[in-house]
S.K.: 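Here's a structure for you.
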Amino acid sequence: MSDLEPTQGHGSVRAQGPVEESPAGVTEAKDAAGGIPAVVSSMRHIQEETGLARGVKTLLRMNQSDGFDCPGCAWPDPDDKRAVTEFCENGAKAVAEEATTRRVTAEFFQKWSVAALSEQTDHWLGKQGRLTHPMVLRPGSAHYEPISWDDAFQLIASELNALTSPDEALFYTSGRTSNEAAFLYQLFVRQFGSNNLPDCSNMCHESSGAALNETIGVGKGTVTLEDLEIADTIFVIGQNPGTNHPRMLTALQHAVRRGCTIVSVNPLPEAGLMRFQHPQEPIGMLTGGTPLTKLFLQVRINGDVALLKGVIKEMLEAEERRPGTVIDHEFIAAHTSGYEEFAVDILAESWDTIVEQSGVGRDQIREAAEIAMRAERMICCWAMGLTQHKNAVANIQEIVNLLLLRGQIGKPGAGACPVRGHSNVQGDRTMGIWEKMPDRFLDALGREFDFDPPRQHGLDAVESIKAMHAGKARVFIGMGGNFLSATPDTEYTADALRRCQLTVQISTKLNRSHLVTGQAALILPCLGRTETDLQAGGPQFVTVEDSMSVVHRSRGTLPPASEHLRSEPAIVAGMARATLGARSKVGWDELIANYDSIRDHIARVIPGFQDYNSRVRGANGFRLPNGARERSFVTTTQKARFTVHPIPTTKLGSDELLMMTIRSHDQYNTTIYGLDDRYRGVRNGRRVVFLNAEDIHSLGFQAEEWVDLVGRHEGVERVAERFMIVPYDIPRGCAATYFPETNVLVPITSVADKSNTPTSKSVIIRLRRSIKS
Ligand SMILES: Nc1nc2c(c(=O)[nH]1)N[C@H]1C(S)=C(S)[C@@H](COP(=O)(O)OP(=O)(O)OC[C@H]3O[C@@H](n4cnc5c(=O)[nH]c(N)nc54)[C@H](O)[C@@H]3O)O[C@H]1N2
Ligand SMILES: Nc1nc2c(c(=O)[nH]1)N[C@H]1C(S)=C(S)[C@@H](COP(=O)(O)OP(=O)(O)OC[C@H]3O[C@@H](n4cnc5c(=O)[nH]c(N)nc54)[C@H](O)[C@@H]3O)O[C@H]1N2
Ligand SMILES: [Mo]
């Protein structure tokens, strides 16, 4: 098999896990999320990983003012009214995953060769427990072996310092890294001489950042939790909060109860968005829960530009009929640019194209427009359903257009709400984890630390993969995450990583990026959120920024999983000291002794962080300033910008489908908690493809048949083997599968305009009868 080619003498290492042979069990999909099954499921994970006593004790510390920040998602915590049990099913699973009592020891690696580990599933890898000791995989060796921290840092230093240029190294970050670790990491990288700081955001909300920066002058959302509490209308577009941001459902439930209207736009009727049963409300559970969505628009995959243009067109046509009743002319005149051109384009758009491309009927579009026209305080929320398409930036800019029409930005209860993924992905960006930080940041950083930061933009995630593949980058360092499995085009990316001299992963748990490596590889095990972080100056806390720009503390209380673990900031300092030596004037050791001193530097470099150390010690932390909230729009026109976008048309052959790669209810990105997707009615299997029953029939297949998924892009064929067909309530021509099993089908050359984000939600495939069936 092609994915078993021997490489680098580490043996035959698979870039993709083995294929499960047993069929998944399929039952009916649910429309309600939460309820007793959610409690049972979280307790089962806790029981299995940590034991109940340790697990429950840990959960009680989560999201409390003096506790740790949930490593699940970036949804904010309500001020002052944190229930003792401010946690959700999937937050509990995230904690169980980290607080597990299982251990991956040095003996484990002696027993298991890298090749043998690669024959195991991703689910199995994750279940082996916490990494406990720094390990090295030497060139030609089949097994990882223990290494001391000092030798590991020396190995990194010698490889980095042997490069012809600092730009031959890549420094990836996932989004769990704390502000303190992220700030030190980017400082190290920039003192080393590169801006090569790709991050998970490149594959996530990069499109939101690009879209919002251009139109409202800030790359973040403009709303707070208090705004959600007073909004009268909320659109939830391309997001599955029941699984990925369960605590958001509580906010939506409160909103509905006080009369707020929720519109959801999704190819799937996702459980939770349709109905929600609060796990802490027994009455709701008996009555079937609160219906959340008032209007469900079952858009075709990537039909959002067409749909949003349709809604806006209805509004503009209503304004023509009843001038002065729909559009906020005062706001538009005072605060926006580009309205004329925008309105002309919308009015010229044909209804046939809108209806055909969106897949949503004219009546439903009118209904959505009527809701938007009545709205006094409207919020639009979105996530990966919008950001991972070729025209992702246009998707989000159409949302901005919709909001601007009635002045729904910069007033209480209204605004743009990109719902972030990783718990500190937004904070990492604020700290300078970005390949193209603006000059004002670099100037301040250089002044504070008395050096000249490099100015040339670095490489993002996709560019990094290409650079490794072309032999232009030779050292890869990952601060968390699972680069191999999270990025597109798995086999291509594996080849890219194999061409490196050295790959280094700073991690809590075993994953496939530890197995597909360069000539040499290091695993550097680090502390997680839940654990105490003891340094020379005493116990430390770290800080994070949530999806709504609130910066707050996180302090773990569990004893570390092993005495050999180091904190992320300490690991960065170790690499920096070894690599930079006398070239750096930074007192790395002093910074690690007491993280207050890191925060003092941050306070002087990054706007909004003045008095960081005292303000972040307040019970609920502090909120960063956001110009757009004050209607100060720092764009090229100094105003909020209306923008014009053509309706994208995806041309599919008669046997082709447009596939989105999504999350099941039992995974955290590439971490597989379990093999069930309770809400979608799938048990004990992940290799399923959800299809419309009529498509199954017209393509000549049957439910529960096994197929291979075949993609063709720019003449290159990519295959993902053995998926079971599951009939589902999904628009014609669309398909859904789980990430990361189908990342092998996402072409490295298929990316979003402007943000370069892989098009993980727009993959063209065909079905082929699986030969083994
Ligand atoms: N438990 C858990 N929590 C998580 C994560 C996890 O894996 N597990 N991941 C975290 C991370 S990093 C992130 S970024 C977020 C992800 O949170 P989500 O964005 O909710 O995650 P996805 O599963 O990718 O779901 C995308 C949703 O968009 C819909 N969709 C797909 N294509 C389109 C389209 O073209 N148009 C529209 N309108 N909708 C579309 C899908 O049907 C699905 O409901 O969650 C975070 N939280
Ligand atoms: N096809 C497809 N691809 C996608 C997506 C999609 O929807 N479809 N979504 C994209 C998105 S939104 C994202 S954000 C990326 C996610 O990309 P990543 O962030 O790279 O991936 P994760 O699976 O979240 O990383 C999990 C690993 O992080 C490590 N880890 C966990 N906690 C910690 C910690 O506290 N510190 C350290 N140092 N390590 C830790 C563990 O070793 C674990 O194995 O994937 C992207 N890829
Ligand atoms: Mo994400």
Side-chain angles (χ1 to χ4, degrees), residues 71-75 88-91 93-94 97-98 122 125-126 130-131 172-178 181 199-205 236-246 264-268 270 273 297 299-304 307 382-389 395 419-425 461 478-488 505-514 523-530 568 571 658 660-671 673 730 734 736-743 745-746 757-763:
C73 70
W75 188 255
C88 68
E89 174 190 355
N90 279 346
K93 289 183 197 164
E97 190 72 22
E98 184 178 296
D122 292 343
L125 291 177
R130 286 286 298 278
L131 295 161
Y172 177 69
T173 312
S174 170
R176 268 192 201 172
T177 295
S178 65
D199 69 349
C200 67
S201 208
N202 295 146
M203 299 170 278
C204 185
H205 268 294
V236 181
I237 315 181
Q239 193 200 344
N240 179 19
T243 286
N244 298 311
H245 305 90
S264 65
V265 182
N266 201 304
L268 306 179
E270 299 283 30
L273 262 186
L297 303 174
V299 70
R300 278 174 37 173
I301 293 176
N302 204 24
D304 301 274
L307 175 67
W382 71 90
M384 296 303 104
L386 292 192
T387 63
Q388 300 174 332
H389 299 281
N395 284 342
V419 183
R420 301 278 161 182
H422 265 300
S423 49
N424 197 38
V425 62
M479 175 59 81
N482 181 359
F483 190 80
L484 168 72
S485 306
T487 51
Q505 305 292 344
I506 298 157
S507 317
T508 52
K509 299 287 295 271
L510 190 60
N511 64 47
R512 206 158 287 275
S513 295
H514 302 118
I523 298 177
L524 303 181
C526 66
L527 293 173
R529 287 272 172 87
T530 51
E568 289 181 350
I571 294 172
L658 193 59
M660 54 182 176
T661 59
I662 57 177
R663 290 153 172 82
S664 88
H665 193 61
D666 247 1
Q667 72 183 86
Y668 192 90
N669 298 339
T670 70
T671 299
Y673 297 142
I730 184 172
C734 298
T737 54
Y738 299 131
F739 134 69
E741 283 81 352
T742 43
N743 284 39
L745 296 171
V746 183
T757 295
T759 59
S760 309
K761 299 282 192 274
S762 282
V763 185

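Remember, it's a predicted structure, so these values are computed and weren't measured experimentally. One-based numbering, in listed order, for ligands and for the atoms of each.
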S.K.: For ligand 2, note which part of His422 has a heavy atom under 4.0 Å away: side chain, backbone, both or neither.
M.R.: side chain
S.K.: Atoms of ligand 2 less than 4.0 Å from Gly480 heavy atoms?
M.R.: 37 (C), 38 (N), 39 (N)
S.K.: With a cut-off of 4.0 Å, which atoms of ligand 1 are near a heavy atom of Leu268?
M.R.: 42 (O)
S.K.: Which of the atoms in ligand 2, numbered in the order shown and given with their element, are less than 4.0 Å from a heavy-atom of Ser507?
M.R.: 39 (N), 42 (O)
S.K.: Looking only at distances, can you tell me whether any N or O atom of Tyr673, backbone or side chain, sits closer than 3.5 Å to an N or O atom of ligand 1?
M.R.: no
S.K.: Is His205 near ligand 2, meaning one of its heavy atoms is under 4.0 Å from it?
M.R.: no
S.K.: Examine Asn743 against ligand 2 and note whether any of their N/O atoms are separated by less than 3.5 Å.
M.R.: yes
S.K.: Judged on heavy-atom distance to atom 28 (O) of ligand 1, which of Ala736, Gly238, Cys200 sits nearest?
M.R.: Gly238
S.K.: Under 4.0 Å from a heavy atom of Asn90: give me the atoms of ligand 1 that qualify, with their elements.
M.R.: 1 (N)
S.K.: Could you find the nearest protein heavy atom to atom 40 (C) of ligand 2 and give me its residue, atom name and distance?
M.R.: Thr508 OG1, 3.4 Å
S.K.: What protein heavy atom lies closest to atom 38 (N) of ligand 1? Include the residue and the distance to one decimal.
M.R.: Asp304 OD1, 2.8 Å
S.K.: Closest by any non-hydrogen atom to atom 5 (C) of ligand 2: pick that one out of Glu97, Arg512, Gln388, Arg130.
M.R.: Gln388
S.K.: Atom 21 (O) of ligand 2: which protein heavy atom is closest, and how many Å away?
M.R.: Asn482 N, 3.6 Å
S.K.: Could you find the nearest protein heavy atom to atom 44 (O) of ligand 2 and give me its residue, atom name and distance?
M.R.: Asn511 ND2, 2.8 Å
S.K.: Counting from 1, what ligand 1 atoms have a heavy atom of Cys204 closer than 4.0 Å?
M.R.: 14 (S)
S.K.: Compare Gly421, Gly385, Cys734, Gly303 and give the one whose heavy atom is closest to atom 46 (C) of ligand 1.
M.R.: Gly421
S.K.: If you take the nearest heavy atom of each of Arg176, Glu741, Glu568, Arg663, which one is closest to atom 37 (C) of ligand 2?
M.R.: Glu568
S.K.: May I ask you to identify the nearest protein heavy atom to atom 8 (N) of ligand 1, giving residue, atom name and distance to one decimal place in Å?
M.R.: Gln667 O, 2.7 Å
S.K.: Regarding Glu97 and Lys509, does a basic nitrogen lie under 4.0 Å from an acidic carboxylate oxygen?
M.R.: yes
S.K.: Below 3.5 Å, N or O to N or O, backbone or side chain included: is there any such pair between Asn669 and ligand 2?
M.R.: yes
S.K.: Any donor and acceptor pair, going by atom type alone, linking the side chain of Thr173 with main-chain N or O of Asp199 inside 3.5 Å?
M.R.: no
S.K.: Is it true that a side-chain atom of Arg512 and a backbone atom of Leu125 form a donor plus acceptor pair closer than 3.5 Å?
M.R.: no
S.K.: Which residue and non-hydrogen atom of the protein lie closest to atom 29 (C) of ligand 2, and at what distance in Å?
M.R.: Gly481 N, 3.7 Å
S.K.: Based purely on interatomic distance, does Glu270 place a nitrogen or oxygen under 3.5 Å from a nitrogen or oxygen of ligand 1?
M.R.: yes
S.K.: As an exercise, identify every atom of ligand 1 less than 4.0 angstrom from a heavy atom of Asn302.
M.R.: 34 (C), 35 (O)
S.K.: Quick check: does Lys509 get an N/O under 3.5 Å from an N/O on ligand 2?
M.R.: yes
S.K.: Can you name the atoms of ligand 2, numbered from 1 with element, that are less than 4.0 Å from a heavy atom of Cys526?
M.R.: 36 (N), 37 (C), 38 (N)
S.K.: Against heavy atoms of Val265, which atoms of ligand 1 measure under 4.0 Å?
M.R.: 38 (N)
S.K.: If you measure from each non-hydrogen atom of Lys93 to ligand 1, which part falls under 4.0 Å: side chain, backbone, both or neither?
M.R.: neither
S.K.: Relative to the heavy atoms of Cys73, which atoms of ligand 1 are at a distance of less than 4.0 Å?
M.R.: 47 (N)
S.K.: Looking only at protein heavy atoms, identify the closest one to atom 23 (O) of ligand 2 and say how far it is in Å.
M.R.: Thr670 OG1, 2.6 Å
S.K.: To which protein heavy atom is atom 15 (C) of ligand 2 closest, and what is the distance rounded to 0.1 Å?
M.R.: Ala486 CB, 4.0 Å
S.K.: Report the nearest protein non-hydrogen atom to atom 32 (N) of ligand 1: residue, atom name, distance rounded to 0.1 Å.
M.R.: Met660 SD, 3.5 Å
S.K.: Number the atoms of ligand 2 from 1 as they appear, then name those within less than 4.0 Å of a heavy atom of Ser174, with their elements.
M.R.: 18 (P), 19 (O)
S.K.: Would you check the N or O atoms of Thr243, main chain and side chain alike, for any that come under 3.5 Å of an N or O of ligand 1?
M.R.: yes
S.K.: Please determine whether any non-hydrogen atom of His389 lies less than 4.0 Å from an atom of ligand 1.
M.R.: yes
S.K.: Taking 4.0 angstrom as the limit and counting only heavy atoms of Ser760, give me the atoms of ligand 2 inside it, by number and element.
M.R.: 1 (N), 2 (C), 3 (N), 8 (N)
S.K.: To which protein heavy atom is atom 20 (O) of ligand 2 closest, and what is the distance rounded to 0.1 Å?
M.R.: Tyr172 OH, 2.7 Å
S.K.: Identify, by atom number and element, the atoms of ligand 1 in contact range of Ile301, meaning under 4.0 Å from any of its heavy atoms.
M.R.: 35 (O)
S.K.: If you have a sec, work out which protein heavy atom is nearest atom 4 (C) of ligand 2 and how many Å separate them, to one decimal?
M.R.: Phe739 CE1, 3.2 Å
S.K.: Taking distance alone, with no angle check, do Met384 and ligand 1 share an N/O pair under 3.5 Å?
M.R.: yes
